[in-house]
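Report on the following structure.
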Amino acid sequence: MENMFLFVYGRLREFYSKEKLEDVKSMITSKAETKGLLFDYNGDAVMIEDVDHTVYGNLIVASDMNLLLRHTDNFMGFNEENYEESNYVRVIREIFVEGTTEPVKAWCYIYPTSRRYDLETKGKVIDSGDWVCYTNMLLGIKEKKSES
């Protein structure tokens, strides 16, 4: 059975909230969450497997999910034929949509386990699990410093 959902949490969350992909026709997003640990790695949101933490984002339903995934694979640097060289890996995760109790299965991009050590030593854990809140906080700090 073909998966009809995509969970986005970082750059993709921001990208798809603003982007209108004419060839996809329509997209619907809902607030959602999944288990994982979120990092800021060189100014980019990166998620790894972790059952003790939560990552917040959006669940996307599109009229043409295959086309949306092709756009997203390109944006995220994922090559289905070469996982080792991909920036991210696309996997199926259990996602909880806001206001529901049963999870749905959705595609999600996570950081490859082969590069986890580099991420854990050079990245910064985002305790809130929410990339948008985290980046808004950083912008607020920068604005306050520049005003003084």
Side-chain angles (χ1 to χ4, degrees), residues 3-21 24 27-62 65-148:
N3 190 341
M4 300 306 297
F5 302 106
L6 172 66
F7 177 75
V8 296
Y9 56 87
R11 290 186 309 154
L12 284 175
R13 188 175 178 191
E14 295 168 339
F15 180 74
Y16 284 128
S17 69
K18 298 171 187 156
E19 187 66 18
K20 301 290 183 230
L21 298 175
V24 173
M27 292 187 297
I28 300 169
T29 68
S30 299
K31 289 183 180 179
E33 63 186 58
T34 190
K35 290 296 179 187
L37 185 58
L38 192 63
F39 285 82
D40 178 342
Y41 186 64
N42 296 326
D44 205 2
V46 176
M47 184 174 86
I48 60 173
E49 302 280 346
D50 186 286
V51 296
D52 297 324
H53 295 88
T54 302
V55 174
Y56 299 92
N58 292 82
L59 187 74
I60 297 177
V61 181
M65 186 56 70
N66 288 326
L67 187 57
L68 180 68
L69 288 175
R70 283 198 303 273
H71 282 294
T72 309
D73 287 350
N74 187 51
F75 186 82
M76 296 301 289
F78 170 67
N79 181 344
E80 200 166 12
E81 295 173 11
N82 190 350
Y83 278 67
E84 284 302 311
E85 296 296 318
S86 293
N87 294 333
Y88 291 82
V89 199
R90 182 166 28 102
V91 298
I92 301 252
R93 302 292 311 261
E94 279 195 344
I95 308 297
F96 288 88
V97 178
E98 187 176 71
T100 65
T101 56
E102 292 297 316
V104 297
K105 301 281 186 182
W107 290 112
C108 180
Y109 293 84
I110 64 171
Y111 208 63
T113 51
S114 61
R115 289 185 249 151
R116 187 172 177 150
Y117 176 78
D118 193 44
L119 175 65
E120 290 175 336
T121 56
K122 297 178 183 172
K124 178 183 186 284
V125 172
I126 300 173
D127 293 321
S128 69
D130 189 320
W131 179 253
V132 173
C133 289
Y134 172 77
T135 56
N136 286 343
M137 183 208 57
L138 288 180
L139 290 173
I141 290 170
K142 288 180 182 176
E143 288 171 7
K144 287 178 184 174
K145 284 183 179 177
S146 64
E147 290 172 5
S148 355

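In what follows, every heavy atom counts, from backbone to side chain, and hydrogens, waters and symmetry copies are set aside.
- Shown here are the ring-ring contact (aromatic ring centres under 6.0 Å, His included) partners of Tyr88, two or more places apart in sequence or in another chain: there are none.
- Annotation: side chain of Ile60 is not in contact with side chain of Phe5 (no heavy-atom distance under 4.5 Å).
- If you run side-chain contact (heavy atoms from CB on, under 4.5 Å) between Ile95 and each of Val55, Val104, Asn58, only Val104 comes through.
- Put simply, CZ on Phe39 and CH2 on Trp131 are 12.5 Å apart, with the number rounded to the nearest 0.5 Å.
- Using a 4.5 Å heavy-atom cutoff, the side chains of Val8 and Tyr109 are not in contact.
- Rounding to the nearest 0.5 Å gives a distance of 7.5 Å between CG of Asn66 and CE of Met4.
- For the ring-ring contact (aromatic ring centres under 6.0 Å, His included) test, residues two or more places apart in sequence or in another chain that qualify with Tyr111 are Tyr41.
- Partners of Arg115 according to the side chain to side chain donor-acceptor pair (under 3.5 Å) rule, which considers only residues two or more places apart in sequence or in another chain, do not exist here.
- Judged purely by atom type and a 3.5 angstrom limit, Thr100 has no side-chain atom pairing as donor or acceptor with the backbone of Phe96.
- In this view, Thr54 and Lys35 satisfy the side chain to side chain donor-acceptor pair (under 3.5 Å) rule, not counting sequence neighbours.
- Listed by chain and number, the residues in a side-chain contact (heavy atoms from CB on, under 4.5 Å) with Ser128 are Ile126, Asp130 (sequence neighbours excluded).
- When all heavy atoms are compared, the tightest approach of Gly10 to Ala45 is CA-CB, 3.5 Å.
- A heavy-atom distance below 4.5 Å is not found between the side chains of Asn79 and Glu85.
- In terms of heavy atoms, Ala106 sits closest to Leu6 at CB-N, 4.2 Å.
- With sequence neighbours left out, the side-chain contact (heavy atoms from CB on, under 4.5 Å) criterion links Asp127 to Val125.
- The salt bridge (charged side-chain N to carboxylate O under 4.0 Å, His left out) check on Arg116 picks up Glu120, with sequence neighbours excluded.
- Sorted by first then second residue, the salt bridge (Lys or Arg N to Asp or Glu O under 4.0 Å) pairs that include residues 36-52, not counting sequence neighbours, are Arg11-Asp44, Glu49-Arg93.
- Smallest separation of non-hydrogen atoms from Met47 and Tyr9: N-OH, 3.3 Å.
- With sequence neighbours excluded, the residues forming a side-chain contact (heavy atoms from CB on, under 4.5 Å) with Thr121 are Tyr117, Asp118, listed by chain and number.
- Under a 3.5 Å cut-off, the side chain of Thr34 and the backbone N or O of Glu94 do form a donor-acceptor pair.
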* **Step-by-step side-chain contact (heavy atoms from CB on, under 4.5 Å) determination, Leu38 to His53** => CA-CA 8 Å; Leu38 192 63; His53 295 88; over 6 Å; no

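- Shortest non-hydrogen contact noted between Pro112 and Ser86 is CG-O, 4.0 Å.
- A search for ring-ring contact (aromatic ring centres under 6.0 Å, His included) contacts involving Phe78 returns Tyr83, not counting sequence neighbours.
- Applying the side-chain contact (heavy atoms from CB on, under 4.5 Å) test to Glu98 and every residue at least two apart in sequence or in another chain returns Lys31.
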* Derivation and outcome, side-chain contact (heavy atoms from CB on, under 4.5 Å), residues Met76 and Asn87 -> CA-CA 7 Å; Met76 296 301 289; Asn87 294 333; over 6 Å; no

